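My questions will all concern the structure given below.
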Amino acid sequence: MLGKLTIDALPFYSWVAMGGAGVTVGGALLVMAVITYFGKWRYLWTEWLTSLDHKRIGIMYIVLALVMLVRGFVDAIMMRAQQAVALNSEGYLPPDHFDQIFSSHGTIMIFFMAMPFMTGLLNIAVPLQIGARDVAFPFLNSVSLWMTAGGAALVMISLVIGKFSTAGWTGYPPYSGIEYSPDVGVDYWICALLISGVGSTLAGINFVVTIIKRRAPGMTLMRMPLFTWTALISSLLMVFAFPALTVACALLGLDRFFGMHFFTNEDGGNLMNYINLFWIWGHPEVYILILPAFGIFSEVVSTLSAKRLYGYRSLVYATIAIGLLSFCVWLHHFFTMGSSANVNAVFGIATMVIAVPTGVKIFDWLLTLFRGRIRFHPSIYWTIGFIVTFVIGGMSGVLLAMPPVDYLFHNSTFLVAHFHNAIIPGVLFGYLAGFGLWFPKAMGFKLNERWGFRAFWCWLIGFYLAFMPLYVLGFHGMARRMETYNVAEWQPYLVVAALGAVVILCGVVCQVIQMTLSIRHWREERDLTGDPWVHGRSLEWMTSSPPPPYNFAVIPTVKSRDAFHEMKRHGTAYRRPARYEDIYMPKNSAVGPLLGGLAFLLGFAAVWHIWWLVAVSALAILATVVIRCFDDDPDYCITAAEVEAIENRRFEAMALADTEPEEAARHPAFAAQMLPARAT
């Protein structure tokens, strides 16, 4: 009845694993208790979980990303602590548990932190930047969110029931094959990636169609903000890259579940096919994550230095070039695996070439900052910290692009340092800069800047302490993923790396304090105008903060790049229309959360071979989709009178803000400014 699921699935094998399971379950119960105490279940369900508003979906994506960031960081600090004390000893982590930790760390940070963070920022900013009322497929947007959440839930429950994969975040055969990993860990990994991969593919399709088809009148491609350009290229990469990962995971699952031989090197199998498929997805994935961060840096330097973005066209062409070249370099991840010298040379040269458009971007950002009226906000700090730090990671990447050098450093901590040197400043710093930039737009009030600066310095200093020693250890020959070692000269570097993780932990604590204080004092930091940085240039700053459900009462007409800036110059930015019209928006839908829950249930049942539950879940998913297809009334109407009332409250609040900002934040007109007009 329960397949392979028995009482032995509980994590009795390690006190550390039991502690992790206890924290996970306790944290979930605490959150549910708090929601119950305040009586917010109905509000949470009707206003958030079932919402099809792209802004709320974006916020939920980011909440998921921040939760998984904390979870993934716990893995990181545990690994660093283990290596700091494991000279000639077993340390405090058993080898099998250490292997689970480095596998879950990479999986969580790439698939369930970075991807949701990116998609959340895209949801918040892109429709507003192109002057759209919503994404092209609002219901699909909800399904994408909940499929991602379903995959994340599978990873989290592996802490409590069973084990996670010990085959690394890449899942290479034969380590991920049934012979070497007979437990359920790799099955959890496969199912989580398949479910979240469907969500990511659907999100990519949604944003491609949204950007191509939903732009405001007059917004040509070369008038789009840079963030929208990077979102477009990144979404195209998602559409073409994620199917390769889905196929690789599905075939690996067939090997494990049904004894097939796609990747076993037996009966016609070839494990190199898996590695090719994985990295055909894997290297574009790096740019799927980094390109939107590049777009954020472009928006930050332009908005917070009150200048037109320098080299706009070169930045657009560089983004397109990076997108194309990202599919031409995947083989540099396995230079040591037997390809010919000519093949290695071609991919090595392509890897060096892709650094050129990235260099173009950095010079354009620096020239935008040059002689600008820079507002030293934490987002600017994240940007400057990225520019300095990412150059180091880029240079180490060009070094590894040479096959002879790659042979020397392959599978060493030098590689770990390089990868984190690209991803942390290139992705996470970018997303945190965008988080600070667009937080007042999404939430209506600004973040506390003092604690934002403290978080930045902890992250930056901690990063250098944590990863620069790994470059040195790579030169000394230390292999990655070692839970114990007997070379005394390595330990001081590993102690410094562990200290760096502790400093980063201080940065995470600063961010928690920043959020807490910002929410507590939200009235003092309330944005009354919709343009909290004064020098907003693109259309998202034209709406109120937070925007109404329909974003724009009247879709703006774009006549130039930096559309909102030009409207302010000509005095047309806040002009009232002659009349308002009815606006149709999508109703809330419970189908997205239901599909995500059923996908989680199907994945869990497949992991434990509960085949009757797999069948029931699959049929329930099919029935839910069919029933949704017969919904002929998915929209509700916000009448012209309701739109006019919302807009009048907005203009009244703006007028109050111009005279007495502190009083305006407490005025009834402002308090009711953004009451949503919605129907379920």
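All values reported here derive from a predicted model rather than from experimental measurement.
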Exercise. Does the pair Phe435 and Trp438 meet the rule for a ring pair (Phe, Tyr, Trp, His ring centres under 6.0 Å), with working shown?
Worked result: CA-CA 6 Å; Phe435 182 71; Trp438 287 311; over 10 Å; no
Problem set entry | Separation of Phe242 CZ from Leu202 CG (nearest 0.5 Å) |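 Answer for the CG-CZ pair, Leu202 versus Phe242, is 11.0 Å.
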For this session: List the steps and the verdict of side chain to side chain contact (heavy atoms under 4.5 Å, CB included) for Gln511 and Leu432.
Result: CA-CA 10 Å; Gln511 288 169 308; Leu432 291 173; 3.5 Å; yes
For this session: Kindly say whether Glu540 contributes a backbone atom to a donor-acceptor pair with the side chain of Lys441 at under 3.5 angstrom?
Result: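 Between the backbone of Glu540 and the side chain of Lys441 there is a qualifying donor-acceptor contact (under 3.5 Å).
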For this session: Would you check, one step at a time, whether the test ring pair (Phe, Tyr, Trp, His ring centres under 6.0 Å) holds for Trp169 with Phe278?
Result: CA-CA 11 Å; Trp169 78 274; Phe278 184 88; 5.6 Å; yes
Exercise. Are Thr107 and Trp189 close enough that a side-chain donor and a side-chain acceptor fall under 3.5 Å?
Worked result: yes
Problem set entry | OH-CG distance between Tyr37 and Leu30, expressed to the nearest 0.5 angstrom |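 It comes to 13.0 Å.
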Problem set entry | Sidechain-backbone polar pair: Trp229 side chain, Leu221 backbone, donor-acceptor under 3.5 Å | yes
For this session: Report yes if the side chains of Phe600 and Leu154 come closer than 4.5 Å at any heavy-atom pair, otherwise no.
Result: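 A side-chain contact exists here, since the closest heavy-atom pair is under 4.5 Å.
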Problem set entry | Verdict with reasoning, Ser234 to Met118, per side chain to side chain contact (heavy atoms under 4.5 Å, CB included) | CA-CA 10 Å; Ser234 182; Met118 178 201 75; 3.7 Å; yes
Exercise. Could you state the interatomic distance from OG (Ser176) to CG (Leu252), rounded to the nearest 0.5 Å?
Worked result: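 These two atoms lie 4.5 Å from each other.
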Seminar exercise, completed: dist Ile212:CD1 -> Leu232:CG (nearest 0.5 Å) comes out at 5.0 Å
For this session: Quick one: closest heavy-atom pair of Val155 and Phe112, and the distance?
Result: CG2-CE1, 3.5 Å
Problem set entry | Non-hydrogen atoms of Cys637 and Asp582 that approach each other most closely | SG-CB, 3.8 Å
Exercise. Of all heavy-atom pairs between Val614 and Ala606, which one has the smallest distance, and what is that distance?
Worked result: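 Minimum heavy-atom separation between Val614 and Ala606: CG2-N, 3.5 Å.
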For this session: Grab the two heavy atoms, one from Ile130 and one from Met219, that are nearest each other, plus how far apart they are.
Result: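 The pair with the smallest heavy-atom distance is CA-SD, 3.5 Å.
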Exercise. Closest heavy-atom contact between Val186 and Ser165?
Worked result: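 That would be CG2-OG, 3.6 Å.
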For this session: Indicate yes or no: does Lys587 engage Asp631 in a salt bridge with an N to O separation below 4.0 Å.
Result: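 No salt bridge links Lys587 with Asp631.
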Exercise. Roughly how far, to the nearest 0.5 Å, is CG of Asp99 from CE of Met79?
Worked result: 11.0 Å
Exercise. What closest approach, in Å, do Pro116 and Thr148 show between heavy atoms, and which atom pair accounts for it?
Worked result: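 For Pro116 and Thr148, the tightest heavy-atom pair comes out as CG-CG2, 3.9 Å.
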Seminar exercise, completed: So CH2 of Trp48 and CD1 of Ile59: to nearest 0.5 Å the spacing works out to 4.0 Å
For this session: Show your reasoning for whether side chain to side chain contact (heavy atoms under 4.5 Å, CB included) applies to Ile161 and Val607.
Result: CA-CA 11 Å; Ile161 303 175; Val607 166; over 6 Å; no
